[in-house]
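Here is the structure we will look at.
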Amino acid sequence: MKIGVLGGGAWGTALAQVAARGDQPVTLWAREDDVVTSVNTRHENSSFLPGVPLSPAIRATSDLADLSDCDALLVVVPAQFLRAVLSQLPAGNRPLVLCAKGIEAGTQKLVAEVARELHPDAPVAVLSGPTFAHEVAKGLPTAVTLACEDEALRDALADRLGSATFRTYGSSDVAGAEIGGAVKNVLAIACGVVEGAGLGLNARAALIARGFAEMTRFGVARGGRPETLAGLSGLGDLVLTCSSTNSRNFSLGVGLGQGKAASELLADRRTVAEGAATAPVLREAARAVGVEMPVTEAVCALLDGTPVRTVVDALLARPMREEAR
Ligand SMILES: NC(=O)c1ccc[n+]([C@@H]2O[C@H](COP(=O)([O-])OP(=O)(O)OC[C@H]3O[C@@H](n4cnc5c(N)ncnc54)[C@H](O)[C@@H]3O)[C@@H](O)[C@H]2O)c1
Ligand SMILES: O=P(O)(O)OC[C@H](O)CO
């Protein structure tokens, strides 16, 4: 199975490295010419994944037509740009493995839903979990959820991508797998705020637990299964992203917690903090299905410029209630 990767950011590059294990040829599509040149000449993505040597079996291109000989595509374009890129991809029935984490603004669609709309003949899978790109690219041990309704395809993808250091755990719950990844980015911003505002480790643990409760409520309302949300793509990724400044979302939250404006923190960045785009969409999507998401609402308020103290006071003033509700 020849693998193509759509998206030459940190995660697309790390996944190309995974797929190139044993020097199997991989085509990596990137929109930036400097990324293509850097990967092809120096075997490094100096823009998005600097300092990690890449397999020479990875060939980068900025021409989507060069993906025509690939049997399956890993789709790693950030959620808000996915529609534009997938619209340019010729129609076909090659499997699309969605690896971005977000919800599309305007449509409230999850990334696999966007893919199904634009490429109805292509089977979809979702690969998601606690995966800092630089660790994966260096071959450090990692485990992910690989969700696909077609069991034979799921097994084939697991055979092709999995290894001792990149362990795939299969699931048929596509919606559950992608909801965990999208929601945890928003909750990671909240945990960063706790850090930046110096609210302490008790508060961060409380936020992870209550954040997981709202992730589960929303995920189940959108058709995901609780056990998927409690797995690698949900709770696993939530724990990772809520505990490290290696996370762009957590770091954004630290800045917000220190009183900096979102506009200042998001200006001129080349890398994505998906949670900033997902938060307002998630708030609307949750309201649409009647699910309460107070942490998400708080993140939206902070991104809109409400002072940290006001947002924290409002969260702490919420009525106390039964934990299981
Ligand atoms: N970096 C990680 O550790 C990691 C791990 C797992 C999942 N993800 C997810 O993977 C997705 C991609 O993130 P990343 O970390 O690879 O990105 P990145 O921050 O390293 O790079 C930004 C990416 O956005 C792309 N981009 C910017 N403007 C664009 C446009 N107008 N049209 C199309 N593409 C555009 C760039 O080409 C680049 O590929 C995100 O959904 C992210 O949440 C990232
Ligand atoms: O840096 P972040 O916050 O986008 O997180 C990266 C990955 O999603 C962690 O699994």
Side-chain angles (χ1 to χ4, degrees), residues 5-18 28-36 38-39 45-50 52 60-62 64 74-89 97-104 110-112 114-115 126-138 140 142-145 166 177-178 180-192 231-255 265-266 268-279 281 299:
V5 179
L6 212 52
W11 189 220
T13 306
L15 285 171
Q17 178 89 324
V18 165
L28 172 64
W29 174 85
R31 65 190 276 281
E32 299 83 0
D33 289 336
D34 59 314
V35 170
V36 173
S38 172
V39 171
N45 182 340
S46 49
S47 300
F48 293 111
L49 199 63
V52 181
T61 178
S62 54
L64 285 171
L74 308 186
V75 184
V76 205
V77 176
Q80 307 311 327
F81 306 125
L82 182 70
R83 180 174 293 274
V85 175
L86 281 186
S87 301
Q88 295 166 47
L89 190 72
V97 184
L98 286 310
C99 309
K101 298 171 179 172
I103 308 176
E104 188 182 51
L110 297 157
V111 286
V114 175
V126 165
L127 187 154
S128 192
T131 52
F132 282 141
H134 60 280
E135 294 189 15
V136 170
K138 286 179 192 154
L140 294 174
T142 298
V144 297
T145 302
F166 194 76
E178 58 176 339
V183 175
K184 70 85 191 174
N185 281 334
V186 178
L187 302 174
I189 295 176
C191 284
L232 292 159
S233 56
L235 184 58
D237 207 358
L238 182 64
V239 168
L240 177 77
T241 321
C242 287
S243 55
S244 169
T245 47
N246 285 340
S247 157
R248 286 90 45 100
N249 290 291
F250 184 90
S251 296
L252 170 64
V254 172
L265 295 163
L266 293 170
D268 299 329
R269 43 183 310 155
R270 256 189 122 181
T271 59
V272 282
E274 286 271 34
T278 301
V281 194
V299 170

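Just so we're clear, the structure is a prediction, and the values are computed from it rather than from any experiment. Counting starts at 1 for both ligands and their atoms, following the listed order.
Between V77 and A100, the shortest heavy-atom contact is O-CB, 3.2 Å. Closest approach of R270 to F48, counting heavy atoms only: O-CE2, 3.5 Å. Scanning both residues, A133 and A10, for their nearest heavy atoms gives CB-O, 3.6 Å. When all heavy atoms are compared, the tightest approach of E104 to V281 is O-CG1, 3.4 Å. Closest approach of A276 and N249 over heavy atoms only: N-OD1, 4.3 Å. Here the closest heavy-atom approach between residue G181 and residue D237 is recorded as CA-OD2, 4.4 Å.
Contact check for V75 versus L82: side-chain heavy atoms found under the 4.5 Å cut-off. Residues C99 and L15 are in side-chain contact: their nearest non-hydrogen atoms beyond the backbone lie under 4.5 Å apart. With contacts defined as side-chain heavy-atom distances shorter than 4.5 Å, the pair V5/V76 qualifies.
Remark: distances from the non-hydrogen atoms of G129 to ligand 2 include one below 4.0 Å. At least one heavy atom of K101 sits closer than 4.0 Å to an atom of ligand 2. Residue contacts with ligand 1 include P78, since one of its heavy atoms falls under 4.0 Å from the ligand. Assignment of G102 to the shell around ligand 1 is not supported, since no heavy atom sits closer than 4.0 Å. For the ligand labelled ligand 2, residue A188 lies outside the 4.0 Å heavy-atom shell.
At a 4.0 Å heavy-atom cut-off, ligand 2 touches S247 through backbone and side chain alike. Of the heavy atoms in K101, both backbone and side-chain atoms come closer than 4.0 Å to ligand 1.
Residue, atom and distance of the protein heavy atom nearest to atom 39 (O) of ligand 1 are G9 N, 3.0 Å. Of all protein heavy atoms, the one lying nearest to atom 12 (C) of ligand 1 is V76 O, 3.4 Å. Remark: minimum distance from atom 3 (O) of ligand 1 to any protein heavy atom is reached at A133 N, 2.8 Å. Closest to atom 8 (N) of ligand 1 among all protein heavy atoms lies W11 CD1, 3.4 Å. At the top of the distance list for atom 15 (O) of ligand 1, counting protein heavy atoms only, stands R248 NH2, 2.9 Å. The protein non-hydrogen atom at the shortest distance from atom 5 (C) of ligand 1 is T131 O, 3.0 Å. Closest protein heavy atom to atom 42 (C) of ligand 1: E274 CG, 4.0 Å. For atom 22 (C) of ligand 1, the nearest non-hydrogen atom of the protein is R270 O, 3.5 Å. The single protein non-hydrogen atom nearest to atom 5 (O) of ligand 2 is K184 NZ, 3.4 Å, given as residue, atom name and distance.
In terms of modelled atom types and a separation under 3.5 Å, the side chain of D33 and the main chain of S62 share no donor-acceptor contact. A distance-only check finds no donor-acceptor pair linking the side chain of W29 to the backbone of G7 [under 3.5 Å]. Distance alone, capped at 3.5 Å, places no donor-acceptor pair between the S233 side chain and the G231 backbone. Side-chain atoms of S38 come within 3.5 Å of backbone atoms of S46 as a donor-acceptor pair (strictly under, hydrogens ignored).
Below 4.0 Å from some heavy atom of G8 lie the following atoms of ligand 1, by number and element: 39 (O). Atom numbering of ligand 2 starts at 1 in the shown order; those under 4.0 Å from a heavy atom of R248 are 1 (O), 2 (P), 3 (O), 4 (O). Atoms of ligand 2 lying under 4.0 Å from any heavy atom of P130, numbered from 1 in the order shown and given with element: 10 (O). Numbered from 1 in the order shown, with element, the atoms of ligand 1 that lie under 4.0 Å from a heavy atom of E32 read 36 (C), 37 (O). Atoms of ligand 1 found under 4.0 Å from any heavy atom of F132, numbered from 1 in the order shown, are 3 (O). Contact atoms of ligand 2 toward L240: 9 (C), 10 (O) (distance under 4.0 Å to a heavy atom of the residue).
Compare V136, D237, N249 by their heavy atoms: the one nearest to atom 9 (C) of ligand 2 is in D237. Between the choices C99, A137, A10, the shortest heavy-atom distance to atom 20 (O) of ligand 1 belongs to A10.
When only modelled atom types and interatomic distance are considered, D34 and S47 share a side-chain donor-acceptor pair under 3.5 Å. Looking at S251 and T245, their side chains never bring a donor and an acceptor atom within 3.5 Å of each other.
No N or O atom of T271 sits closer than 3.5 Å to an N or O atom of ligand 1.
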